[in-house]
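Note that the coordinates shown come from a computational prediction; the quantities given were computed from them, not determined experimentally. Below, chains carry the letters A, B, ... as their sequence lines are ordered, and counting in each starts from 1.
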There are 4 protein chains.
Amino acid sequence: MEKDAERRPHTGRRRNEAARRAILDVAVDQLGRSGGGPVTVDTIAAAAGVGRQTIYRWWPSKGAMLLEALAERAAAEVPAPATGTLAGDLAAFVRATFRAAGPDGTRAALRATMAEAQRDPAARALMEEFVARRRRALRDVLVAARDEIGPDADLDLAVDQVFGVLWYRCLVGSAPLDDPVADRLAAGLVRQLRGAADG
Amino acid sequence: MEKDAERRPHTGRRRNEAARRAILDVAVDQLGRSGGGPVTVDTIAAAAGVGRQTIYRWWPSKGAMLLEALAERAAAEVPAPATGTLAGDLAAFVRATFRAAGPDGTRAALRATMAEAQRDPAARALMEEFVARRRRALRDVLVAARDEIGPDADLDLAVDQVFGVLWYRCLVGSAPLDDPVADRLAAGLVRQLRGAADG
Amino acid sequence: MEKDAERRPHTGRRRNEAARRAILDVAVDQLGRSGGGPVTVDTIAAAAGVGRQTIYRWWPSKGAMLLEALAERAAAEVPAPATGTLAGDLAAFVRATFRAAGPDGTRAALRATMAEAQRDPAARALMEEFVARRRRALRDVLVAARDEIGPDADLDLAVDQVFGVLWYRCLVGSAPLDDPVADRLAAGLVRQLRGAADG
Amino acid sequence: MEKDAERRPHTGRRRNEAARRAILDVAVDQLGRSGGGPVTVDTIAAAAGVGRQTIYRWWPSKGAMLLEALAERAAAEVPAPATGTLAGDLAAFVRATFRAAGPDGTRAALRATMAEAQRDPAARALMEEFVARRRRALRDVLVAARDEIGPDADLDLAVDQVFGVLWYRCLVGSAPLDDPVADRLAAGLVRQLRGAADG
DNA sequence: GACTAATCGAGACGGTACGTCGCGTCTTACA
DNA sequence: TGTAAGACGCGACGTACCGTCTCGATTAGTC
């Protein structure tokens with residue numbers, strides 16, 4: 001990945017899209033590889049064969065860049081919503097979401113990015129937005145099956161239970177985020193949401 | 001708080017407990033007050049009337065010290081378990097837990113500490129331990145009401161849903177962690193756990 | 001001197017000569033002003049309107065930087081050698097040398113720098129070089145008048161008597177380093193050097 | 001040397017002379033051995049099997065203690081004055097003085113101590129006194145042979161030429177301080193001092 | 001023979017300076 | 001003009017030493 005920089009030509013006065021790609025790729029790569037250690041702008045720029053200024057030209061801060069790198073990665077793995085029943089759609093969504101956070105590389109990147117978002121306001125804003133987008137996707141799944149859900153059900157809470165478990169297990173401990181867990185969680189939430197109707 | 005240092009006597013060759021207290025108190029105080037901004041060892045040491053070295057003598061890093069400060073604070077607010085039914089005990093626990101993370105001061109401290117734990121391995125280890133202690137407390141509540149719970153229920157997953165929602169709402173967004181939310185979450189989990197029996 | 005920093009522009013990827021000048025000037029200034037007290041890198045950097053790292057980027061240690069500052073100052077006051085007799089040239093050189101160490105500012109700087117050179121190997125090497133340069137200058141004066149000097153004369157010893165008296169009086173006590181002393185020393189050495197011929 | 005401390009008994013409410021000796025011996029030893037590196041109070045105390053406070057109880061500062069250690073060492077090697085002629089007495093004194101500074105151990109100690117005296121006022125005062133004592137000894141040698149010396153001779157300057165060469169060669173460079181040099185220096189000064197009469 | 005007083009080894013403490021690391025800005029030289 | 005390179009101001013970090021303080025043990029004189 002580092003060697004590619006030598007062959008990438010300048011593009012003059014237009015923004016060099018290849019450089020942007022290299023930066024984001026290297027960023028995710030290093031975030032994953034670092035295992036909790038610090039990822040510096042210097043390292044990323046060097047590995048991407050890019051000047052540090054090129055990073056600051058396009059992102060307001062290190063955290064913002066990292067977050068965009070992460071968001072791209074996550075967006076690429078967005079599961080196409082679903083087809084039919086609440087139980088099936090929800091399970092599919094949770095499975096896909098958990099899987100996307102599965103590889104140790106991505107998980108480490110998630111951890112580092114969340115940490116960054118706690119310090120850097122720009123990163124924080126992007127994290128809010130990123131998270132909101134994911135929440136909306138899940139909420140849509142629930143809303144689509146509104147007839148299976150009790151009227152008093154707290155959809156936001158259910159959404160947060162999914163992402164809460166996801167982030168919690170990413171950030172601390174080493175509990176699994178695999179398909180069985182996803183299925184149990186989805187099943188539990190279905191019961192919870194249904195029940196709220198006749199509660 | 002800063003002025004007390006002048007009156008705090010040395011304790012000779014024994015560790016000065018008053019200094020330890022001052023450091024931890026100031027740490028929590030500044031974590032809360034900072035609102036996400038950086039809390040420096042220098043500031044803490046100065047406010048505690050302590051040399052920087054005194055901090056590094058007893059903690060391997062800044063993060064470890066912050067984590068201990070937080071753990072002490074949280075432990076102090078441990079809700080006494082409960083009395084009787086699963087629904088009642090669980091709701092009480094979740095309410096108390098959410099309340100402990102409620103004041104903006106503590107919430108900011110939680111955020112900063114979790115971020116620190118993602119970088120500093122020593123802090124990470126302490127965070128694992130801290131989190132494990134809290135998880136065990138909640139698990140005990142569930143186990144105590146085992147007869148109300150289906151045999152296939154995933155207790156760990158239930159526990160993680162509680163703390164997941166807690167941390168998720170602390171770290172991103174500004175969704176509330178108040179009593180109604182706690183009650184709804186507890187009720188939902190009771191339904192999940194019961195349902196696993198007849199599911 | 002401190003305010004200039006605000007107007008000093010960056011020089012890009014080339015070394016900023018203005019910053020170097022500011023550092024060295026402030027260093028000599030503070031060495032002289034301090035009167036033996038400690039001169040810190042922090043203070044120098046602040047007064048020069050420079051980051052601490054900029055000092056460490058170009059000098060291996062504080063001592064090395066101080067030594068270079070001193071060497072520049074001393075080199076600027078190099079006495080132009082002379083013209084004619086041994087007695088006249090030598091007296092002129094010693095006078096000029098003593099004068100250069102005369103102002104209390106410079107004398108304090110000499111003391112501090114010599115002290116630094118005893119601890120910091122990098123500073124020590126620079127001090128050796130600085131001292132060697134001065135010794136060579138004086139030796140040239142003697143060699144130029146070789147016909148007045150006995151063949152057995154120990155020129156190095158004569159040189160060391162001059163600089164020995166200089167440093168000795170700088171470092172300890174408060175004996176003067178004025179023109180009369182310089183003249184007496186020069187005259188005495190002339191007698192020593194001549195005498196070696198007929199000794 | 002380090003192990004002796006275990007066998008050294010307390011002396012109750014009287015000062016422990018053995019501890020004092022151990023401190024001074026270790027100090028000189030480490031000064032010599034360090035070769036310019038830093039000698040810390042901690043190291044000395046540990047090697048002497050002594051608490052740091054025991055050092056500060058008896059000396060006002062590190063420098064003062066080092067200087068006393070050095071002074072003791074030097075005083076022990078004071079040459080017995082002399083016998084008769086200026087040339088003989090002076091040569092004997094210079095030889096003995098140079099010899100005392102000869103061993104690399106002592107020379108390193110001299111260097112470190114002089115450096116310390118430039119920073120620590122207490123050490124400086126002791127250094128002044130130490131130096132004054134040695135100067136007086138040499139001056140006495142000259143005064144004893146006053147009839148061989150011209151009336152206008154600057155005795156203080158002659159004395160400073162001896163100690164100047166000594167210190168200069170100790171502090172910088174590696175020029176020798178052996179008997180031939182001592183003899184040449186003594187001879188030169190005799191000529192200088194005599195000459196002042198008929199100059 | 002107990003009591004008091006002072007010293008001793010040990011080591012924690014409040015400070016100050018050090019030298020390193022990383023961030024984000026700025027300038028140069030090149031393409 | 002956009003870019004790689006890299007110096008710069010800033011400021012936090014963790015370390016090293018200094019000189020002070022308190023402890024508990026030990027011993028020498030005093031009552």
Side-chain angles (χ1 to χ4, degrees), chain A residues 5 8-16 19 38-43 45-46 48-57 59-63 120, chain B residues 5-6 8-16 19 38-43 45-46 48-58 60-62, chain C residues 5-6 8-16 19 38-43 45-46 48-58 60-62, chain D residues 5-6 8-16 18-19 38-43 45-46 48-62 120:
Chain A
R8 168 167 19 90
H10 280 194
T11 53
R13 48 185 297 179
R14 294 228 176 285
R15 173 167 183 179
N16 188 334
V39 174
T40 74
V41 176
D42 239 336
T43 327
V50 145
R52 238 189 347 282
Q53 186 60 32
T54 300
I55 292 180
Y56 288 108
R57 212 188 322 271
W59 293 278
S61 68
K62 180 178 84 157
D120 176 3
Chain B
E6 299 172 7
R8 171 174 8 103
H10 278 196
T11 53
R13 53 183 297 180
R14 300 233 172 284
R15 174 166 187 182
N16 190 336
V39 175
T40 76
V41 175
D42 235 337
T43 326
V50 147
R52 235 189 350 279
Q53 186 60 39
T54 299
I55 292 179
Y56 288 111
R57 207 189 325 269
W58 299 111
S61 65
K62 183 177 80 161
Chain C
E6 299 171 7
R8 167 166 22 90
H10 278 196
T11 53
R13 53 183 297 184
R14 298 240 172 279
R15 175 165 187 182
N16 188 337
V39 174
T40 76
V41 175
D42 236 337
T43 325
V50 146
R52 232 186 355 275
Q53 186 61 38
T54 299
I55 292 180
Y56 288 109
R57 204 185 332 262
W58 299 110
S61 67
K62 182 177 79 159
Chain D
E6 300 171 6
R8 172 174 5 102
H10 277 197
T11 53
R13 50 187 296 183
R14 294 232 176 284
R15 173 168 188 182
N16 190 336
V39 174
T40 75
V41 175
D42 239 336
T43 326
V50 145
R52 231 181 3 274
Q53 185 60 32
T54 301
I55 291 179
Y56 287 107
R57 211 188 321 270
W58 301 110
W59 291 278
S61 69
K62 181 178 84 157
D120 175 4

A.B. asks: Using heavy atoms to find the nearest nucleotide of DNA chain F for B:T43 and C:H10 separately, return the residue whose nucleotide is more 5′.
C.D. replies: C:H10
A.B. asks: Hey, does the side chain of D:K62 reach the backbone of D:V39 with a donor-acceptor pair shorter than 3.5 angstrom?
C.D. replies: yes
A.B. asks: Taking the side chain of C:T40 as its heavy atoms from C-beta onward, which of E:dA17, E:dC23, E:dG14 lies nearest to it?
C.D. replies: E:dA17
A.B. asks: Check the distance between F:dG19's P and D:I55's CD1 and give it to me in whole angstrom.
C.D. replies: 10 Å
A.B. asks: Can you tell me the distance, in whole Å, between the CG atom of A:D120 and the P atom of E:dG24?
C.D. replies: 7 Å
A.B. asks: Please check the phosphate of F:dG2 (OP1 and OP2 only) for any side-chain N or O of A:R57 closer than 4.0 Å.
C.D. replies: no
A.B. asks: Considering heavy-atom distances to DNA chain E, does C:K62 or D:A19 have its closest nucleotide positioned more toward the 5' end?
C.D. replies: D:A19
A.B. asks: Starting at the 5' end of DNA chain F, which residue's closest nucleotide do you reach first, A:Q53 or C:G51?
C.D. replies: A:Q53
A.B. asks: Write down the distance between CZ (A:R52) and P (F:dG6), rounded to a whole number of angstrom.
C.D. replies: 10 Å
A.B. asks: With heavy atoms under 4.0 Å as the rule, sort D:W59 into base, sugar-phosphate or nothing.
C.D. replies: nothing
A.B. asks: Taking atom CZ of D:R14 and atom CG of D:N16, what is their separation to the nearest 0.5 Å?
C.D. replies: 12.5 Å
A.B. asks: In whole angstrom, give the distance that lies between atom CG of D:N16 and atom C1' of E:dA6.
C.D. replies: 12 Å
A.B. asks: Can you check the D:W58 CH2 to F:dG19 C1' distance for me, whole Å?
C.D. replies: 17 Å
A.B. asks: Between D:T54 and E:dG9, does any side-chain N or O lie under 4.0 Å from OP1 or OP2?
C.D. replies: yes
A.B. asks: Quick check: on DNA chain E, is the nucleotide nearest B:R15 upstream (toward 5') of the one nearest C:P38, or the reverse? Name the residue that is more 5'.
C.D. replies: B:R15
A.B. asks: Please report, rounded to the nearest Å, how far the C1' atom of E:dT25 is from the CZ atom of C:R13.
C.D. replies: 17 Å
A.B. asks: About how many Å separate CZ of B:R15 and CH2 of B:W58, when rounded to the nearest 0.5 Å?
C.D. replies: 5.0 Å
A.B. asks: Which nucleotide in the set F:dC18, E:dT7, E:dC13 lies at the smallest distance from any side-chain heavy atom of D:Y56?
C.D. replies: F:dC18
A.B. asks: Rounded to the Å, how far apart are C:D42 CG and E:dT20 P?
C.D. replies: 14 Å
A.B. asks: Provide the closest heavy-atom pair for D:G49 versus D:R8 in the form atom of the first, atom of the second, distance.
C.D. replies: O-NH1, 3.8 Å
A.B. asks: Roughly how many Å is it from CZ in C:R14 to P in E:dT28, rounded to a whole number?
C.D. replies: 10 Å
